[in-house]
Amino acid sequence: MNENVFDAAAIDARWQAHWETQGTFRTPGPGERGFDPKRPKYYVLDMFPYPSGSGLHVGHAVGYVGTDVVARKKRMEGFSVLHPMGWDAFGLPAEQYAIQTGKHPRESNRTNTDNFRRQLKKIGLSYDWSREIDTSNPKYFHWTQWLFKRIFEHGLAYRADVPVWWCEELKTVLANEEVINGRSERGNYPCVRRPLKQWMLGITKYAERLLDDLEGLDWPESIKAQQREWIGKSEGAEIHFPIAGRGGERLSVFTTRPDTLFGATFMVVAPEHPLLKTLPAGAARDAVEAYVRAASAKSDLERTDLAKEKSGVFTGLYAANPLDPRSRIPVWVADYVLWGYGTGAFMSVPGHDVRDHEFAQKFDLPIVEVVRAPEASKEACFTGEGTAMNSSPIDGLFTPQAKQKIIELLAAKQAGVGRTTYRLRDWLFSRQRYWGEPFPLLHLPDGTTVAVDDGDLPVELPELADFKPSADGSAPLARAKDWIRTTHKASNSPALRDTDTMPGWAGSCWYWLRFMDPHNDSAPYSKAAERYWGPVDLYVGGAGHAVMHLLYARFWHKVLFDLGLVSTNEPFKRLFNQGMITAFAYEDASGRLIASDEVETKADGYARRGSGEPLKQIVTKMAKSLKNVVNPDDVIAEHGADTFRLYEMFMGPLADSKPWNTRDIPGCRRFLERVWRLFVDEKNDVAIR
RNA sequence: GCCGGGAUGGCGGAAUGGCAGACGCAAUGGAUUCAAAAUCCAUCGCCCGCAAGGGCGUCGGGGUUCAAGUCCCCGUCCCGGCACCA
């Protein structure tokens, strides 16, 4: 037995034990022994994981290894490096897993976090484990509730009876961001709109700042673009059209092109528009009612199918251009108008809007040209900027000036005003589920709602025999009768606790702050720690969080900034998205996917084991069903942590998606062995040359 | 349709405007071995050539520059996001 050979397992064991006993990666912060305020700081953070039951896979690890390389380099350069890890343990994924396994979420969470921690330590990542946090631990959510209280007291949390997304399968309401094409982001279950009284957070008040402050961030352009898109700012005007024969009643629309007012040859309202409930009896009303019924039966997906032919019916009503009172503009209803954006109604300008043009052609409505294109344009419908025409008060003006002038003319007649709209909606913040932070709120007999005293935080979850969601959609916490009934000390009044819980996102809205001072019992974190460590210098995670987590986190951070609780107005200076680790998969001639254990490699390609049927190699997400999921434990057991880490970094640019190729790993191992032999003579018993 | 990002050997990929193809995989030749595996060494963009050497090469077409994979313009294709948002 030659002791000088490269023995990965021995190297891992020796160094990992050394780091543990020496506390090598412990990083003192302000107020702690060994803290040196003169050293520059560097905060490098991973998006902390949901500790799922299936454990850590190589795709998590690629980002963690990347940040670890940066953390180690910065330490060597003399920085005081904050590099922590923890668990985003509340929320639907953790709860769904607990339900599947029949275990209490707290238990399965403990099992899962133990497993994740063990796996991360095996990789030899240089985290300061003394800072580990768990969002489902009362010591942590104490401060999530405390921060929510500040937001509540600041007037940004309110309860409203609004149409919200309800997911029958998950038995809870979901935020707009969590519903994609009418299906839940988690689990892909169908969702329906339902009016329900829910807690909302006033994120729309921050829309402008969330948009503007993207400018100064060192973030991938694609993420900034997605946030801009989601906020969806459009500038234009709200215009009020008097409705013929209705006294002073007016139909309000939003438009980004007030300059095309004189080209509006018809108006369209959404099927949900209240105007439709006031139609006089007659053929038009019958037709409208039939149309509205048909529209409400359609799913959101059917309604927004772009390829679909436009449909609509005339309401029998006429409106007038407020700047041309003699005009008669027919009002239609059509399901291409979205209720919930702008005013749910708009003026149609078929000369300069392709959708309106299509509608006008189908229903033979007049098309008037009111913008002259700067150059001869062959387009049937010119949508760009040009010179106003056929619009007497603004003829000859170029689009921006024409918009300005129209808004002035409308304002003078109190018939319109410049307005900015956003697609961003307020954030639906309550869930009818068990595994989340209870709201620290009390409902008093007089109908008011007050916050639990700071001294009574945290409000812990009641122990329930059955934590599963209720079949009728009521919150599981409503079943904890003893827990609900309590007393509001300040008013010495009986009170009922709120029975909703916060969404899974709540814990991740401030966790980077808790890492700065994770054991503080008197505050979420000390001001000194926040001033020294903030903001996060480098934040690394998947692009899947482009909108939700990153938008919510920025929102909370800005609120905390306004409340004087943080010293920076953005939490993450630099953001980096690691690419997805994919895997090879195999498909037969019919395109059917074949699990990798049924595939054998031939000289000229791949074939199905047994039948010899030729197969094509393709790249897919790792999937249990395809048997191509790679567990870091296996790679480390065979080659050691260094080979594993080297391969993760070696596969290609961290930002790219790339397939895991087990065949390439020995190459990294050999490379390390060659490096080893530069210093260690394996043949002779000489340790260092 | 709009927005964002790409395209370099057989493959994954490397290259502050300064020797294109680092490093790894695969392949080929050799060493070692009774033999094989493993390991080690060498070769490895394409074309002509026994060789020395020469020519051509970073999606296609133009341009800037002493010098372009890299910068600018036009185009093709691929990936990601959004999408009837008035």
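Annotation: B/rC56 and B/rC41 have their P atoms spaced 36 Å apart (nearest Å). Here, B/rG45 and B/rU58 have their P atoms 16 Å apart, quoted to the whole Å. B/rA31 and B/rA37 are spaced 16 Å apart, taking the C1' atom of each and rounding to whole Å.
At a threshold of 4.0 angstrom between heavy atoms, the contacts of A/R663 are confined to the sugar-phosphate backbone, with no base atom among them. Using a 4.0 Å heavy-atom distance criterion, A/P653 is classed as a sugar-phosphate-only contact. Within the 4.0 angstrom heavy-atom criterion, only backbone atoms of the sugar-phosphate kind lie near A/R670; the bases stay farther away. Counting non-hydrogen atoms under 4.0 angstrom, A/E229 reaches a base of the nucleic acid. As judged by a 4.0 angstrom heavy-atom cut-off over every strand, A/F650 is placed among the base-contacting residues.
The side chain of A/Y341 contributes an N or O atom lying less than 4.0 Å from OP1 or OP2 of B/rA86.
A donor atom on one side chain and an acceptor atom on the other are not found under 3.5 Å apart for A/W219 and A/Q227. Inspection of the A/E177 and A/W230 side chains reveals an N or O donor paired with an N or O acceptor under 3.5 Å. Between the side chains of A/D356 and A/Y336, at least one donor-acceptor pair of N or O atoms lies under 3.5 Å.
Shown here are the side chain to side chain contact (heavy atoms under 4.5 Å, CB included) partners of A/T204, two or more places apart in sequence or in another chain: A/L424, A/D426.
Taking atom CD1 of A/I223 as the reference point, atom P of B/rG80 lies 15 Å away to the nearest angstrom. The distance from atom CG of A/D664 to atom C1' of B/rC25 is 5 Å, rounded to the nearest whole Å. Between the P atom of B/rC3 and the CD atom of A/E221 lies a distance of 13 Å, rounded to the nearest Å.
In B/rG63 the base sits anti relative to the sugar, since the glycosidic angle is further than 90° from 0.
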